[in-house]
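Let me begin by presenting the structure, written as structure tokens, before commenting on it.
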There are 2 protein chains.
Amino acid sequence: MTALEQMDNRESLTNFILNVVKIPKRDAEEITASFHPIELKEKEFLLKENVVSDDYLYLESGLMRIFLYGLDGEEITIDFFTENNIVFEITSFFNRVPSEAYIQAITTCTGYRISYDELNAHFHNKPAFRDFGRAILVKEFIASQRRNYGMINRTAKERYQNLLTTKPQIIQYAPLKYIASYLGVTDSTLSRLRKKM
Amino acid sequence: MTALEQMDNRESLTNFILNVVKIPKRDAEEITASFHPIELKEKEFLLKENVVSDDYLYLESGLMRIFLYGLDGEEITIDFFTENNIVFEITSFFNRVPSEAYIQAITTCTGYRISYDELNAHFHNKPAFRDFGRAILVKEFIASQRRNYGMINRTAKERYQNLLTTKPQIIQYAPLKYIASYLGVTDSTLSRLRKKM
DNA sequence: GGAATCACTTGACAAAAGGCAAGAAATACT
DNA sequence: AGTATTTCTTGCCTTTTGTCAAGTGATTCC
């Protein structure tokens with residue numbers, strides 16, 4: 001038994017599933033069982049540019065980010081992933097195309113992953129898995145829309161305060177420049193905003 | 001035969017489906033056949049606040065918008081829908097909760113709709129429908145992410161120019177104030193931007 | 001442990017965008 | 001046609017944010 005398997009206590013994933021979709025507990029446990037444990041060290045990558053993503057990950061603990069390179073070669077952090085959430089790059093994973101983005105662990109991360117082929121097989125064979133898959137897509141889609149709505153028509157200060165209340169872990173572990181590009185402001189502006197608060 | 005059925009030529013929907021997901025033509029035609037024709041007049045609503053949405057709509061022709069009321073009672077246009085796209089309010093439709101948003105026709109619109117129960121039944125019984133349903137969720141999710149990315153880290157001018165090239169119909173038919181709130185700027189600012197171009 | 005790099009802060013100025021209010025232009029409504 | 005309403009534009013001034021550049025502090029790495 002490896003160290004990874006030793007700490008393999010999947011209750012958190014089962015609970016997450018039951019929280020997202022109304023299915024019997026045994027179905028949730030069956031879904032959980034089809035995932036594989038994975039661990040990432042600080043700064044390690046789950047996905048890099050030009051690779052076709054094959055990871056659909058339940059993040060049990062830790063903090064991650066997805067970013068890409070802008071026109072001037074600067075990193076733009078698109079989103080942060082916090083524990084007890086699903087992590088994937090939808091375009092590359094579902095459309096089977098090379099990724100334009102990087103997914104990176106900010107802190108040490110643990111979780112459970114499943115490949116595209118595995119996920120797809122379950123999706124077609126198991127009604128509960130299908131409901132789970134759709135529920136995740138719907139949940140993340142809604143989160144993306146909310147983010148849109150929360151960014152537009154708000155000042156940088158309001159956006160930062162909102163992040164502070166919704167994902168305080170990020171402020172604690174992510175460097176200022178990640179947060180600044182996520183909020184769409186320069187490092188200087190964010191630094192000044194912080195001083196005023 | 002009513003006027004609505006007379007003009008019922010569903011090829012555009014079948015082509016749309018075939019464009020979105022790789023399934024046999026007969027399966028696409030079967031999906032198409034499960035939709036019902038619908039027409040909306042200028043300014044008519046497909047969805048209003050506090051109602052549980054029951055429309056998953058393929059917009060064949062016309063222009064629509066989804067909006068909600070901000071804290072000061074002002075309308076905020078969240079998104080525009082152009083022809084040859086699927087229109088739905090994901091939160092209310094899939095989670096079966098009262099909508100916070102309005103969906104309104106900007107011009108006269110025609111299309112084909114299906115209810116939640118109908119969609120769900122097909123989703124579980126027909127593999128092709130399932131693939132179609134997921135492909136639409138993935139497609140719209142990606143579009144939402146792209147919009148996020150296209151809004152942040154860009155000036156109002158760049159955002160407007162981008163809209164101009166990607167959805168020129170909007171500039172033609174939607175009043176300035178809809179576009180301004182969509183871009184996250186005031187009417188005055190957008191008016192000035194236009195003059196400079 | 002000292003050089004190099006990285007993360008963050010700060011100052012001075014410039015550009016972008018907003019607030020408010022007045023007015024012009026277009027549209028809707030008898 | 002003529003009034004009312006809505007839509008859009010414009011001027012003046014303020015606030016927000018960006019740019020550039022220098023400086024401080026922390027961290028990494030031979």
Side-chain angles (χ1 to χ4, degrees), chain A residues 41-45 63 65 67 69-77 80 102 104-108 148-164 169-197, chain B residues 41-45 63 65 67 69-77 80 102 104-108 148-164 169-197:
Chain A
K41 297 204 179 63
E42 204 179 314
K43 294 183 185 167
E44 199 176 333
F45 289 92
L63 177 63
R65 68 171 180 138
F67 71 94
Y69 287 99
L71 296 174
D72 306 337
E74 82 286 14
E75 288 182 4
I76 301 174
T77 295
F80 292 101
Y102 296 77
Q104 185 184 30
I106 294 176
T107 66
T108 298
N148 268 326
Y149 176 57
M151 291 304 234
I152 291 209
N153 290 310
R154 281 188 167 70
T155 65
K157 187 181 178 183
E158 292 170 323
R159 300 202 296 268
Y160 181 71
Q161 283 174 324
N162 182 55
L163 186 66
L164 214 97
Q169 317 97 304
I170 293 172
I171 279 73
Q172 188 171 3
Y173 294 110
L176 174 140
K177 63 175 180 175
Y178 294 177
I179 301 169
S181 77
Y182 174 77
L183 293 176
V185 296
T186 58
D187 297 4
S188 318
T189 298
L190 181 53
S191 178
R192 279 185 256 261
L193 281 177
R194 279 183 164 172
K195 196 168 62 164
K196 278 194 282 183
M197 294 167 57
Chain B
K41 297 203 179 64
E42 204 179 314
K43 293 180 185 168
E44 199 175 332
F45 289 91
L63 178 63
R65 67 170 181 138
F67 71 94
Y69 287 98
L71 295 174
D72 305 338
E74 83 286 16
E75 289 181 5
I76 301 173
T77 296
F80 293 101
Y102 296 77
Q104 186 184 30
I106 293 176
T107 66
T108 299
N148 269 326
Y149 175 57
M151 292 305 236
I152 292 209
N153 290 311
R154 281 188 167 70
T155 65
K157 188 182 178 183
E158 292 170 322
R159 300 201 296 267
Y160 182 70
Q161 285 174 323
N162 182 54
L163 186 66
L164 214 95
Q169 316 96 305
I170 293 172
I171 278 75
Q172 189 171 1
Y173 294 111
L176 175 141
K177 64 175 179 175
Y178 293 177
I179 301 170
S181 76
Y182 173 77
L183 293 176
V185 297
T186 58
D187 296 6
S188 319
T189 297
L190 180 54
S191 177
R192 279 186 256 262
L193 283 178
R194 279 184 163 171
K195 196 168 62 163
K196 278 194 280 183
M197 296 169 55

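Sequence lines set the chain letters: A, B, ... in the order given, protein chains first and strands last, and positions in each chain run from 1.
In this entry the distance linking NZ of B/Lys157 with C1' of D/dG18 reads 16 Å, nearest Å. Between the P atom of C/dT27 and the OH atom of B/Tyr173 lies a distance of 14 Å, rounded to the nearest Å. Distance CZ (B/Arg154) to P (D/dT17): 19 Å, rounded to an integer number of Å. As a whole-Å value, the separation of B/Glu158 CD from C/dA15 C1' is 13 Å. Rounding to whole angstrom units, OH of residue B/Tyr160 and C1' of C/dA17 are separated by 17 Å. Regarding A/Ile179, its CD1 atom lies at a distance of 15 Å from the C1' atom of C/dT9, rounded to whole Å. Nucleotide C/dG18 holds its P atom 14 Å from the CG atom of B/Asp72, rounded to whole Å. Remark: P of D/dT9 and NZ of B/Lys177 are 14 Å apart, rounded to the nearest angstrom.
Considering only side-chain atoms of B/Leu176, the nucleotide from D/dC8, D/dC12, D/dT16 that sits closest is D/dC8. Taking only side-chain atoms of B/Lys195, from C-beta outward, the nucleotide of D/dG11, C/dC8, D/dT7 with the closest atom is D/dG11. When each of C/dT9, C/dA17, D/dT17 is scored by its nearest atom to the side-chain atoms of A/Ser191, the top-ranked nucleotide is C/dT9. Of the candidate nucleotides D/dT19, C/dG19, C/dA17, D/dT19 has the atom nearest to the side chain of A/Arg192. Closest approach to the A/Leu193 side chain among C/dG18, D/dC8, D/dT17 is made by D/dT17 (side chain taken as heavy atoms from C-beta onward).
Counted by atom type alone, A/Tyr182 and A/Arg65 present zero donor-acceptor pairs between their side chains at under 3.5 Å. Remark: the B/Ser191 side chain and the B/Ser188 side chain contain no N/O donor-acceptor pair separated by less than 3.5 Å.
Note that OH of B/Tyr178 and CD of B/Gln104 are 5.0 Å apart. Values are rounded to the nearest 0.5 Å. Rounded to the nearest 0.5 Å, atoms CD1 (B/Ile76) and OH (B/Tyr69) are 11.0 Å apart.
Nucleic acid contact for A/Arg194: none, since no nucleic acid atom lies under 4.0 Å from a heavy atom of the residue.
At least one donor-acceptor pair under 3.5 Å links the side chain of B/Arg159 to the backbone N or O of B/Arg154.
Among A/Ile106, A/Ile179, A/Leu164, A/Thr77, the single residue meeting the side chain to side chain contact (heavy atoms under 4.5 Å, CB included) criterion with A/Ile170 is A/Ile179.
Between B/Phe67 and B/Tyr102, the two ring planes are parallel [angle under 30°; tilted spans 30° to 60°].
Of the residues in residues 180-190 of chain B, those with a non-hydrogen atom less than 4.0 angstrom from any atom of DNA chain D are B/Ser188.
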